[in-house]
Amino acid sequence: MSMVLRRVWELVSSTSRGKVDGSGAEACSRSDLGELEQLPGDILLQILRELGPKDAAKMSCVCKALRCLVFDNRLWVHFLQTYQPDPSSDSLFFAEATLSYGYPLPLPPFHARTPQLSFKHIYGQRARVPGSVIIDGGSGYCKFGWSKYASPSGRSATFLEFGNIESPMYTRLRHFFATIYNRMQVKPNTQPVIVSVPICHYDDTESAKASRRQLKEAIYSALFDMNVPAVCAVNQATLALFAAKRTSGIAVNIGFQVTSVVPIFNGKVMRSVGVEVVGLGALKLTGFLREKMQLNNLNFQSLYTVRTLKEKLCYVALDYEAELSKDAQASFEAVGEGRFTLSKERFQTGEILFQPHLAGVQAMGLHQAIALCMEHCHSAELAGDSDWYKTVVLSGGSACLPGLAERLEKELKALLPPYISNGTRVIPPPYGADTPWFGAKIIGNLSTFPGPWCVTKKQFRQKPRLNLIW
């Protein structure tokens, strides 16, 4: 293999030094790989992978056989996975096939566009994408970082909790964004920004629409007044769906104070179908575990310790009654506070999602809220895929509790008639608590970004009807 690579490299070097016209036709007519042309295509493809993207592109000038291989999508998917920040070929395919056209999304099926995808072209376009600042507003805390990074680089308080609650929203947002840019040590006018916005003002009423519009304008005004060149604002539920490589389904976000069940069809929140809200969230789960620990004389210094124990030890039982008779004891060493041992509290904490009355909350269980949403989606009879609502994507830190997805699938099958429940799949948070951030990252690394997804200051000032996913 080393001799083959050396021979190929010599040919590439001599070709690049020669005079070649724009099409490379002269080089092809003069160059000859000789016996190398008889090698199987898979071997030649492996050689091109070893050479890397720049030198592989030069090989298109060597001979016709290699020119065909240089345009092979498998080669450039490999280069995209190796040299550019996307985790897998299926997420690449999903992003470029479904999201590169911007919003509104093209209607499914997308298969008609599949043969037109050139990953060699996509690689070149992605290499020129400037990258963006991603600010995932969150409902408990904010995650921020570069779209070119593997994960968020920092965390802060969310803008909904930022500053003086009595201050105007614009003032709080301006302070919040300035703090994020200072922490990232970047000037606002250098990069586009993607803002993930928590689902709020859930209804489809005129007052709720007005509230969403005011929040949207405050976000855009604050950022453009800081000279940000382009802004993309998308709600968290849609981004969670994108992270799971879906454009339609039900996004369930266990937020800081409430849990939202959001139907999304082709990237659009279907408020007319109905967004369900359950009045308990991560804070209630942590508070419930704290009370259980206090009853068992388990002493701790901070609520952060309780939250850590929730994340490390708690889970959701597939059968709650059967779990009560089992030994569920487990321990964890909390930094600075010593070793804690929990027993039934481990699964009783997550059980309040299904039986809120255990925590003194008068609300429907999470499975009941999802079932109600699915019934509404089925009744809506939207054009297109009739099973679009049967994919349920979880997001939020507390949605990472082991066993939650499996328990929800079980409960939904018990609650719903077979024509609705058959084929239902519940997907755990694809990227844990940072799932919406990674959904934004998919957008920020698109070969067409920022064009179809962002609004510029000029466009915003002209006050057009903006196509935003809110």
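Computed from a predicted structure; not experimentally measured.
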If every non-hydrogen atom of Thr448 is compared with every non-hydrogen atom of Ser100, which pair is closest and at what distance?
OG1-O, 2.7 Å

Run the side chain to side chain contact (heavy atoms under 4.5 Å, CB included) check on Lys457 and Tyr220 step by step: do they pass?
CA-CA 8 Å; Lys457 185 175 183 178; Tyr220 277 79; over 6 Å; no

Quick one: do Asp72 and Arg49 satisfy salt bridge (Lys or Arg N to Asp or Glu O under 4.0 Å)? Show the steps, please.
CA-CA 11 Å; Asp72 192 308; Arg49 288 177 177 174; over 6 Å; no

Can you name the one residue among Gln125, Arg128, Arg126, Glu96 that meets side chain to side chain donor-acceptor pair (under 3.5 Å) with Ser447?
Glu96

Glu323: partners by salt bridge (Lys or Arg N to Asp or Glu O under 4.0 Å), with sequence neighbours left out
Lys326

Mind checking ring pair (Phe, Tyr, Trp, His ring centres under 6.0 Å) for Phe438 and listing every partner two or more places apart, or none if nothing turns up?
Tyr431

How long is the span from the NZ atom in Lys344 to the CG atom in Asn296, to the nearest 0.5 Å?
10.5 Å

What residues form a ring pair (Phe, Tyr, Trp, His ring centres under 6.0 Å) with Trp76, not counting sequence neighbours?
Phe79, Tyr123

Using the side-chain hydrogen bond (donor to acceptor under 3.5 Å, both in side chains) criterion, which residues pair with Thr308? Sequence neighbours excluded.
none

Name all residues meeting the side-chain hydrogen bond (donor to acceptor under 3.5 Å, both in side chains) criterion together with Glu351; count only those two or more places apart in sequence or in a different chain, and write none if there are none.
Gln355, Arg407

Pairs in or reaching into residues 391-402: which pass salt bridge (charged side-chain N to carboxylate O under 4.0 Å, His left out), with residues at least two apart or in two chains?
none

Applying side-chain hydrogen bond (donor to acceptor under 3.5 Å, both in side chains), can you list everything that pairs with Gln348, at least two apart in sequence or on another chain?
none

For Tyr170, enumerate each residue passing the side-chain hydrogen bond (donor to acceptor under 3.5 Å, both in side chains) test, keeping only those at least two apart in sequence or located in another chain.
Arg174, Asp225

Within a strict 4.5 Å, meaning less than it, do heavy atoms of the Asn253 and Gln236 side chains meet?
yes

What residues form a ring pair (Phe, Tyr, Trp, His ring centres under 6.0 Å) with His378, not counting sequence neighbours?
Tyr419

Partners meeting ring pair (Phe, Tyr, Trp, His ring centres under 6.0 Å) with His78 (sequence neighbours left out):
none

What side-chain donor-acceptor pairs closer than 3.5 Å can you find for residues 184-194, not counting sequence neighbours?
residue : atom : partner : partner atom : Å
Thr190  : OG1  : Lys187  : O            : 2.7

Selection residues 281-294 - residue pairs positive for side chain to side chain donor-acceptor pair (under 3.5 Å), sequence neighbours left out
Thr286-Lys310

